[in-house]
Amino acid sequence: MVMAAHVAVLARATTSSLVLLILAFVLSTVVTSFGSPDSDALLKFKEQLVNNEGISNWNLSVNPCERERSNWVGVLCFNGGIWGLQLEHMGLAGNIDLDALAPLPSFRTLSLMDNNFDGPLPDFKKLGKLKALYLSNNRFSGDIPDKAFEGMGSLKRLFLANNVLTGEIPSSLATLP
């Protein structure tokens, strides 16, 4: 009688473990197929770009980063997080959606050199933790606002050569370390 009770308890425990294992598998599949917040942010950023065929492998079926390795073209990874974007020589144009990139906790570098972006410089201070910003060889134009780089205390590298920018160097650059 005691033996039968132990067998019944063991069977219930095994069934419970199996159900939990199946549930964990299903949940991990659902999370993978719907992407992560980082994936969603990059896809939102991509939506605003014109001529974005060069980054056509950006999709929710694959995580952008696995430790230091990037699975998406132009994505720089560090410790499994998105450290930056290096989207150079791709003929990209359109809107640079900084609001989409702002929530990325590890985002430190953005290179959009040698593309076709034009118009005034976007409000890059929305990416206050940037260490490097490479925008050379585009068609950005107009004055750089005086407070364009205010609050960007980590910015160490800024490349703006070969654009159509006018006016004075903003004072907000002078306050950076």
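When a residue number appears, it is its place in the shown sequence, counting from 1.
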Flag if over 12 foreign heavy atoms under 6.0 Å of CZ, Arg157 | no

Should Leu43 and Leu76 be regarded as members of a common hydrophobic cluster, given that ILVMFWY residues are connected when their side-chain heavy atoms come within less than 4.5 Å of each other, either directly or indirectly?
-> no

Are Thr175 and Ser172 linked by a side-chain donor-acceptor pair shorter than 3.5 Å?
-> no

Trp72 (side chain) donor-acceptor with Val62 (main chain) under 3.5 angstrom = yes

NZ of Lys126 to CG of Leu101: how many Å apart, nearest 0.5 Å?
-> 11.0 Å

Mark yes when over 12 heavy atoms from residues, nucleotides or ligands other than Lys147 sit less than 6.0 Å from its NZ; otherwise mark no.
-> no

For the residue pair Ser61 and Asn59, confirm or rule out a side-chain donor-acceptor distance under 3.5 Å.
-> yes

Rounding to 0.5 Å, atoms CD (Glu68) and CH2 (Trp83) come to a distance of 10.5 Å

Are Leu133 and Met90 connected in the hydrophobic side-chain network, where two residues link if heavy atoms are under 4.5 Å apart?
-> yes

CG-CG distance between Asp97 and Leu49, expressed to the nearest 0.5 angstrom = 8.5 Å

Taking atom types as modelled, find out whether Asn162 and Asn137 have a side-chain donor-acceptor pair closer than 3.5 angstrom.
-> yes

Is there a donor-acceptor pair under 3.5 Å between the side chain of Ser70 and the backbone N or O of Val75?
-> yes

Checking side-chain contact (heavy atoms from CB on, under 4.5 Å) for the pair Asn52/Trp58: CA distance, chi angles, key distance, verdict?
-> CA-CA 10 Å; Asn52 63 16; Trp58 289 19; over 6 Å; no

Mind checking whether Val73 and Tyr134 sit in one hydrophobic cluster, side chains of I, L, V, M, F, W, Y counted as touching below 4.5 Å?
-> no

Do Leu42 and Leu60 belong together in a cluster built from hydrophobic side chains that touch within less than 4.5 Å?
-> yes

Answer yes or no: does atom NZ of Lys129 have more than 12 heavy-atom neighbours from other residues, nucleotides or ligands under 6.0 Å?
-> no

Taking all non-hydrogen atoms of both residues into account, name the closest pair between Ser136 and Asn163 and its distance.
-> CA-ND2, 3.9 Å

Can you name the closest pair of heavy atoms from Val50 and Gly94 and give their distance?
-> CG2-CA, 3.9 Å

Please report the shortest heavy-atom distance between Asp38 and Ile82, naming the atom on each side.
-> CB-CD1, 3.5 Å

If you round to the nearest 0.5 Å, how far is NZ of Lys156 from NZ of Lys131?
-> 7.5 Å

Which atom of Ala100 lies closest to which atom of Ala41, heavy atoms considered = O-CB, 3.2 Å

Hey, mind stepping through Arg67 and Asn79 against side-chain contact (heavy atoms from CB on, under 4.5 Å) and telling me if it holds?
-> CA-CA 5 Å; Arg67 304 280 315 143; Asn79 284 335; 3.5 Å; yes

Using atom types as modelled and distance alone, determine if a side-chain donor or acceptor of Asn57 lies under 3.5 Å from a backbone N or O of Asn71.
-> yes

In terms of hydrophobic clustering (I, L, V, M, F, W, Y; side-chain heavy atoms under 4.5 Å; direct or indirect links), are Leu104 and Leu110 co-clustered?
-> yes

Where do Leu112 and Asn115 come nearest, in terms of heavy atoms and distance?
-> O-ND2, 3.1 Å

4.5 Å side-chain heavy-atom contact, Phe45 and Leu98 = no

Give a yes or no on this: more than 12 heavy atoms of other residues, nucleotides or ligands lie within 6.0 Å of atom CD1 of Ile169.
-> no

Locate the shortest heavy-atom distance separating Leu127 from Met152; write the atom from each residue and the value.
-> O-CE, 3.5 Å

